J.: 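One structure, as structure tokens, below. Some questions next.
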Amino acid sequence: AAAIYLEKLALPIIVLLFAMCADYVTGMVGAYVTGRLSSRVGIVGIVKKLCYMFAVVCGIIIDYVLASVSSDIGMPGAKICFFGTLVTVWLILNEVVSILENLSEVGVPLPSFLKKITEKLKKEERSQLSHYKTKK
């Protein structure tokens, strides 16, 4: 069962790893171009990427617990891979937005539809962050 689950999640995780690398590289290039490059910025970026993987693991754990519980109570089709996939896809989208921001910062011209999508997603992310901070 674990092999089937991980097989389904393998491609999204590979895409996430690629997106994280692309974001890191474009972020470092953007920091260099704007004069904000520092070893601290680089280390914080790496730590942030590692924490993304912990978030994916949390999604996988939730799926495992739900599958175990549903199996224990006799529900058929207890192979749940929703939360691991959801977290992974959300992080991929977050990385894509960050890559587009980094490219824009470097001066790469982006089509207007990408700029609009990026701005909308960024506003939503800021809204969620401010909501989270006020609840704490």
Side-chain angles (χ1 to χ4, degrees):
I4 293 170
Y5 178 84
L6 293 176
E7 182 180 315
K8 289 182 180 181
L9 200 56
L11 183 59
I13 287 176
I14 290 168
V15 171
L16 176 60
L17 290 171
F18 176 78
M20 288 191 312
C21 291
D23 180 48
Y24 184 79
V25 169
T26 58
M28 296 304 282
V29 170
Y32 176 77
V33 168
T34 60
R36 294 179 288 129
L37 184 62
S38 73
S39 58
R40 185 178 191 294
V41 169
I43 291 170
V44 167
I46 290 170
V47 169
K48 182 178 174 184
K49 305 302 180 200
L50 289 173
C51 289
Y52 279 11
M53 296 314 294
F54 287 121
V56 171
V57 168
C58 287
I60 291 169
I61 290 169
I62 292 169
D63 286 339
Y64 173 77
V65 169
L66 290 175
S68 295
V69 169
S70 63
S71 176
D72 288 346
I73 62 173
M75 288 180 61
K79 291 174 180 65
I80 299 170
C81 59
F82 177 74
F83 289 99
T85 303
L86 183 67
V87 170
T88 304
V89 169
W90 187 85
L91 290 171
I92 290 168
L93 293 175
N94 189 52
E95 290 296 279
V96 169
V97 168
S98 183
I99 291 166
L100 292 173
E101 288 175 337
N102 294 339
L103 293 174
S104 180
E105 198 170 74
V106 171
V108 175
L110 298 174
S112 60
F113 73 91
L114 280 180
K115 288 180 183 178
K116 288 178 186 176
I117 291 170
T118 303
E119 289 169 8
K120 185 174 182 176
L121 289 172
K122 202 61 183 168
K123 282 181 187 176
E124 180 63 28
E125 182 182 0
R126 285 189 196 117
S127 171
Q128 288 178 357
L129 279 175
S130 66
H131 179 72
Y132 172 74
K133 287 178 181 178
T134 57
K135 283 195 162 217
K136 252 185 146 179

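Because the structure is a prediction, the values reported are computed rather than measured.
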J.: Can you get from Phe54 to Trp90 by hopping between Ile, Leu, Val, Met, Phe, Trp and Tyr side chains that sit under 4.5 Å apart?
T.: no
J.: So, Thr34 and Arg36: side-chain donor and acceptor under 3.5 Å apart, yes or no?
T.: yes
J.: Taking it one step at a time, do Met53 and Ile13 satisfy side chain to side chain contact (heavy atoms under 4.5 Å, CB included)?
T.: CA-CA 9 Å; Met53 296 314 294; Ile13 287 176; 4.1 Å; yes
J.: Return the minimal non-hydrogen interatomic distance between Leu110 and Ser104, and the atom names on each side.
T.: CD1-CB, 4.0 Å
J.: What's the shortest heavy-atom distance between Gly84 and Asp63, and which atoms?
T.: N-OD2, 2.8 Å
J.: Please examine the side chains of Asp23 and Lys49, heavy atoms only from C-beta on, and report whether any two atoms are closer than 4.5 Å.
T.: yes
J.: Any link between Val96 and Tyr52 through a network of hydrophobic side chains (Ile, Leu, Val, Met, Phe, Trp, Tyr) touching at under 4.5 Å?
T.: yes
J.: Which residue is it: Val87, Thr88, Val89? I am looking for the one with a side chain to side chain contact (heavy atoms under 4.5 Å, CB included) to Thr85.
T.: Val89
J.: Under 3.5 Å, is there a donor-acceptor pair between the side chain of Asn102 and the main chain of Ser98?
T.: yes
J.: Would Tyr32 and Ile46 show up in the same hydrophobic cluster when neighbours are defined by side-chain heavy atoms closer than 4.5 Å?
T.: yes
J.: I need the minimum non-hydrogen distance between Phe83 and Ile62, along with the two atoms involved.
T.: CD1-CG2, 3.5 Å
J.: Of the non-hydrogen atoms in Val15 and Ile92, which two are nearest, and what is the gap between them?
T.: CG1-CD1, 3.7 Å
J.: Do you reckon Leu91 sits in the same ILVMFWY cluster as Ile14, going by side-chain contacts under 4.5 Å, direct or chained?
T.: no
J.: Contact between Leu93 and Val97 at the side-chain level, heavy atoms closer than 4.5 Å - yes or no?
T.: no
J.: Could you check if a side-chain atom of Leu66 sits within less than 4.5 angstrom of a side-chain atom of Phe82, using non-hydrogen atoms only?
T.: no
J.: Is there side-chain contact between Glu105 and Val29, with heavy atoms separated by less than 4.5 Å?
T.: no
J.: According to a 4.5 Å side-chain heavy-atom criterion applied to Ile, Leu, Val, Met, Phe, Trp and Tyr, with indirect links allowed, do Val47 and Val41 form part of one hydrophobic cluster?
T.: no
